[in-house]
Amino acid sequence: MTDKPLADQLALVTGASRGIGAATAMALAAAGAHVVLTARTGAALEKVEDAIFAAGGSATIAPLDLTETDSIARLAVAIGERWQALDVLVLNAAMLGTLGAVPAIDPKELARVLTLNVSAQAALIGAFDPMLRRSRRARVIGVTSSVARKPRAYWGLYGASKAAFETLVGAYGDEMEQISTIRTAIINPGATRTAMRARAYPGENPESVKAPEVVGSRIAALVTDDFQTGHFETVEA
């Protein structure tokens, strides 16, 4: 097998400015893909882009807030004007929200979390569906959490949003399986050294959990392999 199995392919990674998103973008670029990096912070995206270039890869940054009205549609138009097909879509961007008891959930915060973790994800799938269908072998990867399938005390807000997210990605995969080459997978990265993890577990030693690069490499490997839609991959520590 070539060391650039994703050569001439286009990938889009959300939440690509740091953590799992940045590591995944770098791993996909190392496999030969041209990667479009999206996140809110342009300066952070530029650092990831520079790292990809320094390693011999190629990337394009597209700073935007996925919760802003019409931002996703504008991104899809801009990418569609430059490329015909999208081969890899990694849905990684997410918001943790406040950890707390269900009765204490703030309705306004609930709306914000659901907007990014669910509504924006549905909008991304809808906006890029035409480009994914034009790919010879499209892969959609959703990054999830164990609390989506196993409720945990004080994680109701985030867990509910991820449960809805898994349903969206899984349903899309089922819809596409018989009519296109699109396949979807949902990955639970497990305990990983990220800013979100640090917020959730402030007393934890970061070195006690795996680096984002482990997850990024696993996602890149999954993209290059064949898998059945609806198969949930877990990255072990």
Side-chain angles (χ1 to χ4, degrees), residues 4-95 112 114-143 165 168-169 172-173 175-176 180-185 216 219-220 223:
K4 300 291 184 181
L6 300 181
D8 301 321
Q9 294 194 29
L10 178 69
L12 170 62
V13 180
T14 69
S17 61
R18 62 185 182 183
I20 291 173
T24 299
M26 293 183 67
L28 292 172
H34 181 87
V35 186
V36 179
L37 315 168
T38 71
R40 289 181 300 172
T41 310
L45 286 176
E46 289 176 357
K47 291 181 179 180
V48 179
E49 182 185 37
D50 288 344
I52 288 174
F53 286 152
S58 63
T60 300
I61 65 170
L64 82 163
D65 185 343
L66 294 175
T67 66
E68 289 183 355
T69 303
D70 296 332
S71 65
I72 293 171
R74 291 197 302 271
L75 176 65
V77 169
I79 293 177
E81 289 176 347
R82 184 171 175 183
W83 292 281
Q84 181 179 8
L86 179 63
D87 304 290
V88 182
L89 173 60
V90 180
L91 302 171
N92 168 71
M95 179 187 302
R112 290 195 297 272
L114 292 179
T115 295
L116 177 58
N117 295 5
V118 183
S119 299
Q121 310 307 316
L124 283 161
I125 292 172
F128 287 99
D129 173 67
M131 289 189 70
L132 289 166
R133 291 186 191 226
R134 287 195 289 270
S135 170
R136 292 174 301 188
R137 183 184 175 277
R139 297 292 181 260
V140 178
I141 309 296
V143 180
F165 169 68
L168 280 173
V169 176
Y172 178 64
E175 292 160 4
M176 293 294 107
S180 76
T181 61
I182 298 171
R183 299 293 178 263
T184 66
I219 291 175
V223 167

key: Residue K4 excluded, over 12 heavy atoms near NZ under 6.0 Å   = yes
note = In terms of heavy-atom contacts, M131 and I79 come closest through CE-CG2, 3.8 Å
R134 side chain vs Q84 backbone, donor-acceptor pair below 3.5 Å = yes
Distance, nearest 0.5 Å, that separates OG1 of T184 from CG of L91 = 10.0 Å
remark   = With sequence neighbours left out, the residues meeting side chain to side chain contact (heavy atoms under 4.5 Å, CB included) with D50 are none
ask   = Can you name the closest pair of heavy atoms from V48 and S17 and give their distance?
value = CG2-O, 3.6 Å
request  = Looking only at non-hydrogen atoms, find the nearest pair between A29 and S58 and report the distance.
outcome  = CB-O, 4.4 Å
task = Give the minimum heavy-atom separation between I52 and A25, together with the two atoms involved.
result = CD1-O, 4.0 Å
inquiry  = Quick check for you: to the nearest 0.5 Å, what is the distance between M26 atom CE and T24 atom OG1?
reply    = 11.0 Å
key: N/O donor-acceptor pair under 3.5 Å between S135 side chain and R137 backbone   = yes
inquiry  = Is a donor from one side chain sitting under 3.5 angstrom from an acceptor on the other, for N92 and T14?
reply    = no
ask   = Hey, what do you get for CG (D87) to CD (Q9), rounding to the nearest 0.5 Å?
value = 4.0 Å
ask   = So do the side chains of V90 and L28 get within less than 4.5 Å of each other, counting heavy atoms only?
value = yes
